[in-house]
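Working notes, beginning with the structure itself.
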Amino acid sequence: MKLTALSLAFGLLASASAAPTTSDEATIAATPTASADATAKPKPISSSTPAFNAVKGTGSWSAAVKEAKTLVSKLTLLEKTILATGVGWESGPCVGNILNIPSIKFPGLCLQDSPLGVRFGDRTSSFPAGINVAATFDKDLMYKQGVAMGEEFRAKGINVALGPMMNLMRAPAAGRAWEGGSGDPYLTSITAAATVKGIQSQGVIATAKHYILNEQETFRKTGSSNVDDRTFHEVYLPPFKACVDAGVGAVMCAYNFINGTQACADEYVINDVLKGELGFQGFVMTDWWANYEGIQTALAGTDMLMPGDAIFPNITTPGVPPFSFPGAGTFWYTNLEKLVNNGTIPAALVDDKATRILAAWLQLKQNKNFPAVNFDSWTPKNNKHVDAQADHDKLIRQVGAASTIVLRNTKSVLPISTKKGHYTLSLHGSDAGPGIHSPDFFPDKGGYDGTLAQGWGSGTAPFPYLVSPYEGISARARADHIRVTWDFDDYDLAGSQTLADASDMALVFVSANSGEEYITVDGNVGDRNNLTLWKNGDNLIQSVASKNRNTVVIVHAAGAVDMPWINNPNITAVIYALMPGQESGNALADVLFGAVNPSGRLPFTINADRTQYAADIEYKSSEPMPQVNYTEALLIDYRWNDAKNIEPVFAFGHGLSYTQFSYSNVKATASSSGKTATMSVDVSNSGKVAGAEVVQLYLGFPAAAGEPPKILRRFEKVNIKAGQRRTVKFTLNEEDFSIWQGGWKVVRGTFTAYVGASSRDIRGKSTFKI
Ligand SMILES: *[C@@H]1O[C@H](CO)[C@@H](O)[C@H](O)[C@H]1NC(C)=O
Ligand SMILES: *[C@@H]1O[C@H](CO)[C@@H](O)[C@H](O)[C@H]1NC(C)=O
Ligand SMILES: *[C@@H]1O[C@H](CO)[C@@H](O)[C@H](O)[C@H]1NC(C)=O
Ligand SMILES: *[C@@H]1O[C@H](CO)[C@@H](O)[C@H](O)[C@H]1NC(C)=O
Ligand SMILES: *[C@@H]1O[C@H](CO)[C@@H](O)[C@H](O)[C@H]1NC(C)=O
Ligand SMILES: *[C@@H]1O[C@H](CO)[C@@H](O)[C@H](O)[C@H]1NC(C)=O
């Protein structure tokens with residue numbers, strides 16, 4: 001009877017159920033194979049019922065959890081395992097699919113990438129990447145982009161959006177760092193939490209990923225990230241905690257191992273920390289196939305296998321299932337049922353998994369008026385082409401401009417103006433143009449020959465269109481009767497020089513790309529092999545700059561790049577635009593021509609060369625389980641520069657405006673209780689145009705605490721009119737004064753509040769006692 005209901009509801013699943021091989025031999029967990037050996041040291045499984053952190057149903061989750069428990073009480077064990085097991089890769093319209101359960105009117109779940117828009121969507125937008133969202137340092141825009149993305153996911157009937165991404169940019173070459181993160185835990189926490197709130201405001205479940213210590217692509221499925229407990233709690237956990245506090249419905253556990261235990265099978269990080277310490281009440285899904293076995297993954301607290309099937313080892317669904325289940329074979333579903341029946345997994349643990357999944361669905365009110373899935377990732381003819389774009393192009397342009405970072409602007413050469421003698425602009429490099437192929441010509445963006453506006457991998461979305469810098473700039477220049485010439489050939493140095501020689505300003509467009517490990521681009525297996533520019537960028541810059549005293553360099557990149565040309569005085573402006581999405585050229589033109597006063601800030605440090613960074617990618621290892629040791633510990637990004645006295649080329653938090661800001665009256669005072677401190681500073685716009693300053697508060701601990709010299713604890717982007725002054729106030733609390741010592745401990749002593757415009761541009765400081 002259920003057969004009909006299920007296969008009708010998911011019509012296209014039925015055809016994919018083709019050949020579930022029936023094999024009595026098939027087993028689930030821990031089948032030893034060559035690669036399974038890499039999963040070394042599985043924790044011993046206790047035969048007694050292991051304790052686990054069941055969902056508490058407290059706070060804002062109480063009603064949803066209560067209702068979920070009622071629903072779960074009506075389910076058979078097998079139905080609970082259906083909730084916990086995806087149907088298999090490409091066996092449903094979304095990248096992840098949970099079957100429907102008619103008896104409780106549960107319509108199933110659609111899970112879809114990515115952190116910057118609907119992957120495989122059409123009539124959807126390509127938003128600025130997470131690294132750009134961080135670079136805005138603008139909490140309001142972070143939230144608004146989340147809202148707009150949430151609207152698009154909802155319009156397509158997607159229950160669970162697979163973002164935001166919050167792994168930190170520990171190493172500048174890290175392949176996926178552009179999808180989210182930044183070099184700082186606090187900035188990443190604020191960015192991720194605002195994004196979660198925005199997405200979930202539209203009733204779409206957001207996913208905090210990838211939990212945890214997934215900071216490089218090389219060896220991502222075999223390598224072990226090793227970090228001490230203090231660094232784990234103080235640096236890598238805060239973004240996830242911020243998302244839990246923001247009410248995130250889902251968390252995705254990562255591919256990598258942690259201290260030798262696979263992340264999704266790590267009882268300490270999932271059950272103890274996430275569900276215990278942080279009190280997470282939603283559900284944990286695996287990254288795609290990050291279920292290397294079935295038992296410990298279940299016991300550790302992972303609630304849902306995605307996409308459900310087991311690609312490794314090669315297992316088929318055992319026995320004859322009571323109804324056709326499309327997965328090619330899975331560690332859970334009927335196998336989970338067996339494990340419960342023979343006492344390996346407690347029944348209550350499976351109840352808890354089902355409860356958490358339904359609770360998230362109810363918490364976001366998806367049981368009421370949630371649109372049905374109306375697109376298909378694999379079969380375009382099943383697509384109903386629902387228009388989800390709305391007027392999001394405006395916000396995308398705004399976030400693009402707000403994340404465009406002006407690193408240098410000698411003698412105010414920018415904004416471009418005929419009053420400054422800018423009558424002819426020459427554009428150089430393939431990154432200025434639309435390319436020979438559209439960006440989506442390359443599957444999952446695994447290649448590019450025009451402007452770079454998105455990295456590669458699953459964290460991508462189709463471009464409905466892409467405004468190239470050439471289009472954005474030429475449209476604007478046309479209006480001002482400024483002439484535009486171009487040479488998009490990266491290797492035509494002579495031609496570029498001729499053009500540069502004849503122009504009033506030469507704009508050189510360069511790029512450096514990175515992405516996810518399953519695609520290799522120009523020999524880069526996700527992580528970048530080097531920090532130099534791609535496509536002859538350094539040579540093009542030097543050669544243009546040798547002919548033009550007004551050379552402006554525009555960088556589209558996944559992270560920091562080496563700038564061997566930075567001391568050339570002919571390079572009067574440098575702009576970092578990162579990965580700005582579909583409105584790239586318009587957003588850039590807004591800043592270049594001064595329609596928008598720039599206010600983007602660098603969300604990571606740029607050093608002179610790769611040896612000066614806190615950490616690098618572990619590229620080479622002959623170990624079956626390569627070790628990625630986080631030996632820099634707390635000293636990520638600018639904290640390393642501070643501790644080691646390394647002068648950066650451009651500091652974390654740096655970015656210029658077309659106006660100037662001055663700081664005065666920096667004053668920090670502890671409250672009489674000694675538990676909080678207030679910091680206040682006056683910021684004046686001493687220039688001639690309105691602008692936005694990002695006021696940054698870094699905290700210095702008493703030396704005995706063993707903390708880095710200073711840590712970003714607060715920031716605020718404030719709009720200030722020319723000639724006006726604003727007072728900015730921050731309040732710090734006990735959490736801000738705490739360090740991890742097997743538990744959070746408030747440090748007592750004299751603290752220093754540093755206030756400034758970047759980690760290296762401190763404009764005032766004040767001490768106070770806690
Ligand atoms: C990893 O091992 C280190 C060193 O023994 C320990 O401090 C830390 O707590 C462990 N971390 C995790 C997440 O297991
Ligand atoms: C998995 O099974 C399929 C079908 O039996 C077979 O073609 C394939 O070679 C197997 N893959 C591995 C890695 O053993
Ligand atoms: C329970 O069943 C699983 C899967 O069939 C098997 O691997 C495991 O050894 C069984 N355990 C016990 C205690 O029978
Ligand atoms: C760095 O990598 C890029 C992209 O693969 C390549 O174009 C460039 O030549 C490399 N640079 C060096 C110095 O090897
Ligand atoms: C700067 O440009 C001028 C004019 O083309 C040129 O003579 C000079 O050599 C350039 N300087 C550098 C350092 O490239
Ligand atoms: C990582 O740390 C372990 C334990 O200290 C050490 O044995 C190993 O050699 C280190 N590996 C690398 C690649 O640094």
Side-chain angles (χ1 to χ4, degrees), residues 23-32 36 40-50 77 81 170-171 210-216 218-219 222-237 240-241 253-254 256-278 293-301 310 313 315-319 329-347 349-350 615-634 739-743:
S23 157
D24 300 332
E25 288 291 299
T27 50
I28 30 171
T31 304
K41 301 188 232 163
K43 285 182 182 160
I45 292 152
S46 60
S47 50
S48 63
T49 303
L77 174 57
T81 71
R170 173 177 176 259
H210 311 84
Y211 189 71
I212 190 172
L213 302 177
N214 187 180
E215 270 77 32
Q216 67 169 58
T218 310
F219 306 132
T222 54
S224 176
S225 299
N226 308 320
V227 59
D228 65 90
D229 205 29
R230 178 169 177 183
T231 303
F232 175 81
H233 277 87
E234 293 187 22
V235 178
Y236 295 93
L237 193 59
F240 291 95
K241 179 180 188 302
C253 54
N256 53 282
F257 292 70
I258 298 165
N259 285 354
T261 302
Q262 202 275 322
C264 296
D266 193 321
E267 204 173 316
Y268 173 67
V269 303
I270 297 177
N271 179 70
D272 301 359
V273 176
L274 181 64
K275 293 182 170 179
E277 243 173 81
L278 304 189
E293 53 78 60
I295 297 174
Q296 185 55 34
T297 305
L299 291 174
I315 294 167
T316 51
T317 307
T330 178
F331 290 118
W332 284 6
Y333 176 49
T334 47
N335 291 313
L336 189 55
E337 185 189 34
K338 282 187 186 158
L339 287 167
V340 172
N341 286 337
N342 79 6
T344 308
I345 307 264
L349 182 58
V350 176
D616 205 341
I617 303 293
E618 195 62 56
Y619 291 100
K620 290 198 176 71
S621 173
S622 50
E623 310 275 317
M625 183 185 286
Q627 304 295 306
V628 182
N629 294 339
Y630 287 36
T631 47
E632 75 288 355
L634 302 176
I739 60 173
W740 180 264
Q741 296 198 319

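One-based numbering, in listed order, for ligands and for the atoms of each.
Of the listed options I295, I345, N342, N342 places a heavy atom closest to atom 8 (C) of ligand 3.
When distances from atom 13 (C) of ligand 1 to the protein are checked, a heavy atom turns up under 4.0 Å. Put simply, atom 2 (O) of ligand 6 has protein non-hydrogen atoms near it, under 4.0 Å away. At a distance under 4.0 Å, no protein heavy atom can be found next to atom 5 (O) of ligand 1.
Every atom of ligand 1 with a heavy atom of I258 under 4.0 Å away is listed here by number and element: 13 (C). If you number the atoms of ligand 6 from 1 as listed, the ones under 4.0 Å from a heavy atom of N629 come out as 1 (C), 2 (O), 3 (C), 8 (C), 10 (C), 11 (N), 12 (C), 14 (O). Within the listing of ligand 1, atoms 7 (O) sit less than 4.0 angstrom from a heavy atom of D228. Near Q627, the atoms of ligand 6 lying under 4.0 angstrom from a non-hydrogen atom of the residue are 11 (N), 13 (C).
Ligand 1 lies within reach of V227, whose nearest heavy atom is under 4.0 Å from it. Residue contacts with ligand 1 leave out N226, since none of its heavy atoms falls under 4.0 Å from the ligand.
Within the 4.0 Å heavy-atom criterion, neither part of N335 lies near ligand 3. At a heavy-atom cutoff of 4.0 Å, ligand 1 is contacted by both the backbone and the side chain of D229.
Between the N214 side chain and the N256 main chain, no donor and acceptor come within less than 3.5 Å of each other. When atom types are taken as modelled, the side chain of E623 and the backbone of M625 share no donor-acceptor pair closer than 3.5 angstrom. The main-chain N or O of N259 is found under 3.5 Å from a side-chain atom of S224 such that the two form a donor-acceptor pair. Judged purely by atom type and a 3.5 angstrom limit, Q627 has no side-chain atom pairing as donor or acceptor with the backbone of N226. Side-chain atoms of E618 do not come within 3.5 Å of backbone N or O of S621 as any donor-acceptor pair.
Closest approach of F240 and Y236 over heavy atoms only: CD1-O, 3.6 Å.
For the side-chain contact (heavy atoms from CB on, under 4.5 Å) with T231, the qualifying choice from L213, T631, L237, L634 is L634, the only one to do so.
Salt-bridge formation is not detected for the pair E277/K241: no Lys NZ or Arg NE/NH1/NH2 atom is positioned less than 4.0 Å from an Asp or Glu carboxylate oxygen.
In terms of protein heavy-atom proximity, atom 10 (C) of ligand 1 is nearest to N259 ND2, 2.3 Å.
Inspection of the Y630 and E215 side chains reveals an N or O donor paired with an N or O acceptor under 3.5 Å.
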